[in-house]
Novice: 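One structure follows; several queries about it will come next.
The figures that follow rest on heavy atoms only: side chains count, while hydrogens, waters and symmetry mates do not.
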Amino acid sequence: MARKKSLEREQNHAGEHSGVTYLNGMYEDYFLDYASYVILERAVPDLKDGLKPVQRRLLHAMNEINDGRFHKVANIIGQTMQFHPHGDAAIGDALVNLGQKDLLIDTQGNWGDLRTGDSAAAARYIEARLTKFALEVAINPQTTPWQVSYDGRRNEPITLPVKFPLVLAQGVDGIAVGLATKILPHNFIELIQASIKVLEGKRYKLYPDFQTGGLIDVDDYQGGMRGGKVRVRVRIEKLDKSNLVIREIPYGVTTVALMDSIVKASEKGQIKVKKLSDNTAAEVEITIELQPGVSPDQTIDALYAFTQCEVSISPNACVISDNKPVFLTVDEILRLSTFNTQELLRQELNIRLGELEEKWHFSSLEKIFIEKRIYHDIEESETWENVLHMIRVGLAKYISTPATKTKTDKRLVLHRDITEEDITRLTEIRIKRISKYNSFQADELITNIEKELAQVRHDLKHLTEYTISYFQKLLDKYGKGKERKTEITTFDTIQATKVIANNAKLYVDRKEGFIGYGLKKDEFVADCSEIDDVIAFRKDGKFVVSKIADKVFVGKNIIHVNVFKRGDERTTYHLIYLDGASGKSYAKRFNVTSITRDKEYDLTKGDKESKVLFFSVHPNGESERVEIQLTPGSKARNKIFDFYFEELAIKGRNAGGNIVTRYPVRKITQVEVGKSTLGSQKYWYDEVNGRFNKDERGKYLGSFDTGDQLLLIYGDGSYEIAEFDPSAKIDIKDLMYAGKFKPKAAVSAIYFEGEKQWTMVKRFLIETTSTGQRFRFTTEHKDSKLYWASLEEDPTVEYGYMSQRQKVNEIVQPAEFIEVKGWKALGNKLVDKKLISIKDQSASDTSKETPDDEDPDAGEETKPTKAIQAELFKAPQKKDIKSKTPEKPVKKSGKNGKGDGYLHAGDTIEFDF
């Protein structure tokens, strides 16, 4: 190393004589100089005023030409170029950026829109001026430190005396050389309140707030430090079952970028969108029309998962302090800014104190000079020095100074000595002022000055209280209309595999060992998406999980393949395999919850001769009984016996299993599948596409175990019992109710009997056992209509009808009105008229279930208590539906206040004929 440096010195020395300049080390020095310049003079804001240099120079230039009126932006840019050594484009962009934040600059004209990404009009067409807030908190030449501008012609501020946490209010983005800063904007009101709490020594919480609104999750904010992050989402509303609308967008995302991301997700098949419209004007409005049968709830989750409807922002709070970059938390920046404001207020008070003392000093001198007619003493003076001397002597008769004051001295005591400048000012008083001098007004002026002096001294002594009062005045004066726009909440973690739309089909070639969505001539397995993983089990007792693709080889002799659900603890695999080393057969129950993709796992003891004898999959951990037949030549006493898998504990995939038999197995046959050994599961169904889910999306069905059945009730007055299959979906056309079937739960119904023209009440039990077949429990007459039905044990219904041109309202309790009869019974007459309104006064929560010992069917779930309402009238008859629920508007196409086809507690339905 020493030799290398010596050689460099020799080269540099030789270069001096030869006229050659060597670049050794020059790049290092130049790079550091350039990096330092960009960091300090371009990209990173100063801690004291929260401004980048270009922003500071802009505000200073605007203050210099400030006359209260708007100025052309082109003129402001030209004025700023006296201080900023860069092009007009950078200045213009910085000014537009400041103007769009709506805090320091009043704007006029087309300044663009940060929501849509539209740029501002040309600088010659738009105008700006400083806001009253900017003039009050950021401009004060007396407390501003100055430096010479880049060309030496003007003075410019080193920092502006900003008395407000401006950098936290506006936020900042900056990219320098080897350094970046990103401070998110915070709420104006919350910043002031937090500053007050800093001065009071109280705790506070400070989180970002954005002009664009939206939702924010701040669980990992970490005070704005490096390594933290926030998640920001759009606010999505469901207009109806097929339309969504976005009214607020995430910070940093424009409506154009947002729509592009939605279009790309739709093109990839991740979401299913029929139409996308941008109706943004004064407010953001992006409407999304879904394809028929697509769940709006699932689509909302998919929008968050696959588009810019949710973005993650990583803050990085870096500011300039003492001429170097430092990384701080938001709380540290706020505290330092608050104490800097306190110091600036102290400086302003000291300046004001000096001004008042000077004003009092001269007012006192002037009063004595005029009232005591000291100006007569200079009438005989011939020289200027004599004039000054005579005035000084005259004043001395009535005024003393702190240095000359004695205990017996009753003269007025000044705060400082009389200077030659003071006497000179006295000689400059005009005769007109002396002749019109008002002694009373002079005394009043001095008294007011003394009061103000006392107040300033008090404020200096109680500086913290004064600073709190200053912040409170700012809040009262400028806080209106600056309430929080971004709602703080906690987001659920959305698993992309659960919300992505199925945009592919999985096929398998079992013999050759290939899977994928490109094998369309082979066996179809299931619908899937392009981001799914696929699990495949083979005859040799091994399995592998691979990402789906056009064609993937997973090994020959595939016995089972399906879409893999990571973390699924319900799906249970039953396996009986032959251990090649010992010749024994083992059985095991296991889950596969987590794996390494494309890694081969062995479910046997590892011998290459091992093979699978029996394999089955149970999505809800069902029990299973199989019959095992041994070979005829075996020495076993019982060559045919049953084996029960529920007797085995569910273990990990690496468990060896329990011995089933030591003898050769000829055949294994599944005998039956029982109920789940893991307990029942709660299910919901989506009202749009009729698919079942466990994500609490849609209407609650109940807790289902293997073998449980569904009860479906339709608007035409019929019911159906169906086998429950979690992977299937139900026909939602004219569907009024879907829930778990319980034989002992009575159905209460109110319907119009078309032949007799009566309104009837009936209660009945489901007596049929056939599945997949509808049974009508109202009469077959074409005018018969179902008004209402419920599975509640003791419902109460208010109904209305017209009698002598007046509406009559009455209440009926079906459980007391009629006994439970057969499902074909006509029922009892309620009224010999058609109903014009009906209201269910019962209220219940269908997702809460009673214990089994309270259930009329032991071991089964309590009867669902969701009230059911038929679609009563069809065209050309008119239906007028009104809801008493104020927070949800009635939709013209709905069937009640919630527009979901069900009658809820508090809903009223009226019919016009």
Novice: So which atom in Ile189 and which in Gly479 form the shortest heavy-atom distance, rounded to 0.1 Å?
Specialist: CD1-O, 3.5 Å
Novice: Could you measure the distance from the CG atom of Asn243 to the NZ atom of Lys238? Nearest 0.5 Å is fine.
Specialist: 12.5 Å
Novice: Got a sec, which residues hit salt bridge (Lys or Arg N to Asp or Glu O under 4.0 Å) with Glu190, two or more places apart in sequence or on another chain?
Specialist: Arg484
Novice: The criterion is ring-ring contact (aromatic ring centres under 6.0 Å, His included); which residues satisfy it with Phe764, sequence neighbours excluded?
Specialist: Phe777
Novice: Where is the tightest heavy-atom contact between Thr759 and Lys833, given as atom of each residue plus distance?
Specialist: OG1-O, 2.5 Å
Novice: Counting N and O atoms only, with roles assigned by atom type, does the side chain of Glu622 sit under 3.5 Å from a partner on the main chain of Asn620, one being a donor and the other an acceptor?
Specialist: yes
Novice: Over all heavy atoms of both residues, which pair between Gly621 and Thr677 is shortest? Give the atoms and the distance, please.
Specialist: O-OG1, 2.7 Å
Novice: Go through the steps to decide whether Lys807 and Ser837 satisfy the test side chain to side chain contact (heavy atoms under 4.5 Å, CB included), and finish with yes or no.
Specialist: CA-CA 10 Å; Lys807 182 178 179 181; Ser837 67; 3.4 Å; yes
Novice: For Thr255, what residues pass the side chain to side chain contact (heavy atoms under 4.5 Å, CB included) criterion, not counting sequence neighbours?
Specialist: Thr116, Ile249, Asp278, Thr280, Val284, Ile286
Novice: Going by heavy atoms in the side chains, are Val234 and Pro250 under 4.5 Å from each other?
Specialist: yes
Novice: Is there a side-chain contact between Leu303 and Ile236 in this structure, where contact means two heavy atoms from C-beta onward sitting under 4.5 Å apart?
Specialist: yes
Novice: Can you measure from NZ (Lys756) to CG (Asp832) and round to the nearest 0.5 angstrom?
Specialist: 12.0 Å
Novice: Among all residues two or more places apart in sequence or in another chain, which pass the side-chain hydrogen bond (donor to acceptor under 3.5 Å, both in side chains) test with Thr254?
Specialist: none
Novice: Would you say Pro296 and Leu290 make side-chain contact, with heavy atoms under 4.5 Å?
Specialist: yes
Novice: Heavy-atom count check: over 12 atoms from other residues, nucleotides or ligands less than 6.0 Å from Gln757 CD?
Specialist: yes
Novice: Please determine, by modelled atom types, if Thr779 and Tyr751 share a side-chain donor-acceptor pair under 3.5 angstrom.
Specialist: no
Novice: Got a donor-acceptor contact below 3.5 angstrom from the Tyr787 side chain to the Ile838 backbone?
Specialist: no
Novice: Is the closest basic N to carboxylate O distance between Arg233 and Asp217 below 4.0 Å?
Specialist: no
Novice: So do the side chains of Leu678 and Thr572 get within less than 4.5 Å of each other, counting heavy atoms only?
Specialist: yes
Novice: With sequence neighbours left out, write down each residue that passes salt bridge (Lys or Arg N to Asp or Glu O under 4.0 Å) with Glu483, or none if nothing qualifies.
Specialist: none
Novice: How far does CD1 of Ile271 sit from CG of Asp301, to the nearest 0.5 angstrom?
Specialist: 12.0 Å
Novice: Taking C-beta and beyond as the side chain, do Leu712 and Tyr719 meet within less than 4.5 Å on heavy atoms?
Specialist: no
Novice: Rounded to the nearest 0.5 Å, how far does OG of Ser529 lie from NZ of Lys505?
Specialist: 13.0 Å
Novice: What pairs of residues pass the salt bridge (Lys or Arg N to Asp or Glu O under 4.0 Å) test when at least one of them lies in residues 702-711, not counting sequence neighbours?
Specialist: Lys675-Asp708, Asp708-Lys740
Novice: Are Asn187 and Tyr207 packed together at the side-chain level, in the sense that at least one heavy-atom pair is separated by less than 4.5 angstrom?
Specialist: no
Novice: Please determine, by modelled atom types, if Gln709 and Glu723 share a side-chain donor-acceptor pair under 3.5 angstrom.
Specialist: yes
Novice: Would you say the side chain of Ile721 lies within less than 4.5 Å of the side chain of Leu710, judging by non-hydrogen atoms?
Specialist: no
Novice: For residues 810-830, tabulate all N or O donor-acceptor pairs below 3.5 Å that involve a side-chain atom, not counting sequence neighbours.
Specialist:
| residue | atom | partner | partner atom | Å |
| --- | --- | --- | --- | --- |
| Glu810 | OE1 | Tyr799 | OH | 2.7 |
| Glu810 | OE2 | Tyr801 | OH | 3.1 |
| Gln813 | NE2 | Thr796 | OG1 | 3.4 |

Novice: Decide if atom CD of Glu487 counts as having more than 12 heavy atoms of other residues, nucleotides or ligands within a radius under 6.0 Å.
Specialist: yes
Novice: Using side chain to side chain contact (heavy atoms under 4.5 Å, CB included) as the criterion, point out the one residue from Val253, Ile216, Leu215 that pairs with Val232.
Specialist: Ile216
Novice: Kindly give the heavy-atom pair with the smallest separation between Asp209 and Lys485, and that separation in Å.
Specialist: OD1-N, 3.1 Å
Novice: Of all the heavy-atom pairs spanning Cys528 and Val563, show the shortest one and how long it is.
Specialist: CB-CG2, 3.8 Å
Novice: Verify the ring-centre separation between Phe704 and Phe724: is it less than 6.0 angstrom?
Specialist: yes
Novice: Excluding sequence neighbours, so at least two apart, what forms side chain to side chain contact (heavy atoms under 4.5 Å, CB included) with Lys275?
Specialist: Ser277, Glu289
Novice: What's the spacing between Gln193 CD and Lys205 NZ if we round to 0.5 Å?
Specialist: 15.0 Å
Novice: Partners of Glu237 by salt bridge (Lys or Arg N to Asp or Glu O under 4.0 Å), sequence neighbours excluded?
Specialist: Arg247
Novice: Do Glu283 and Glu248 touch side chain to side chain, with heavy atoms closer than 4.5 Å?
Specialist: no
Novice: Is there a side chain to side chain contact (heavy atoms under 4.5 Å, CB included) between Tyr714 and Arg776 once you walk through the steps?
Specialist: CA-CA 9 Å; Tyr714 298 92; Arg776 185 159 181 172; over 6 Å; no
Novice: What pairs with Ser261 under side chain to side chain contact (heavy atoms under 4.5 Å, CB included), at least two apart in sequence or on another chain?
Specialist: Leu258, Thr307, Gln308
Novice: State which residue, out of Ile300, Ile262, Val245, Leu239, fulfils the side chain to side chain contact (heavy atoms under 4.5 Å, CB included) condition with Ile288.
Specialist: Ile262
Novice: Walk me through it: do Leu791 and Leu711 pass the test side chain to side chain contact (heavy atoms under 4.5 Å, CB included)?
Specialist: CA-CA 11 Å; Leu791 295 181; Leu711 172 62; 4.1 Å; yes
Novice: Give me the one residue out of Tyr737, Tyr685, Trp684 that meets ring-ring contact (aromatic ring centres under 6.0 Å, His included) with Tyr700.
Specialist: Trp684
Novice: Testing the basics here: between Phe491 and Thr489, what is the closest heavy-atom pair and its distance to 0.1 Å?
Specialist: CE2-CG2, 3.3 Å
Novice: Thr769: what forms a side chain to side chain contact (heavy atoms under 4.5 Å, CB included) with it, not counting sequence neighbours?
Specialist: none
Novice: For Asp716, check salt bridge (Lys or Arg N to Asp or Glu O under 4.0 Å) against everything at least two apart and list the hits.
Specialist: Arg774
Novice: Could you tell me whether the side chain of Ser784 and the main chain of Gly754 form a donor-acceptor pair under 3.5 Å?
Specialist: yes
Novice: If I take atom CG from residue Asn279 and atom OG1 from residue Thr287, how far apart are they, to the nearest 0.5 angstrom?
Specialist: 5.0 Å
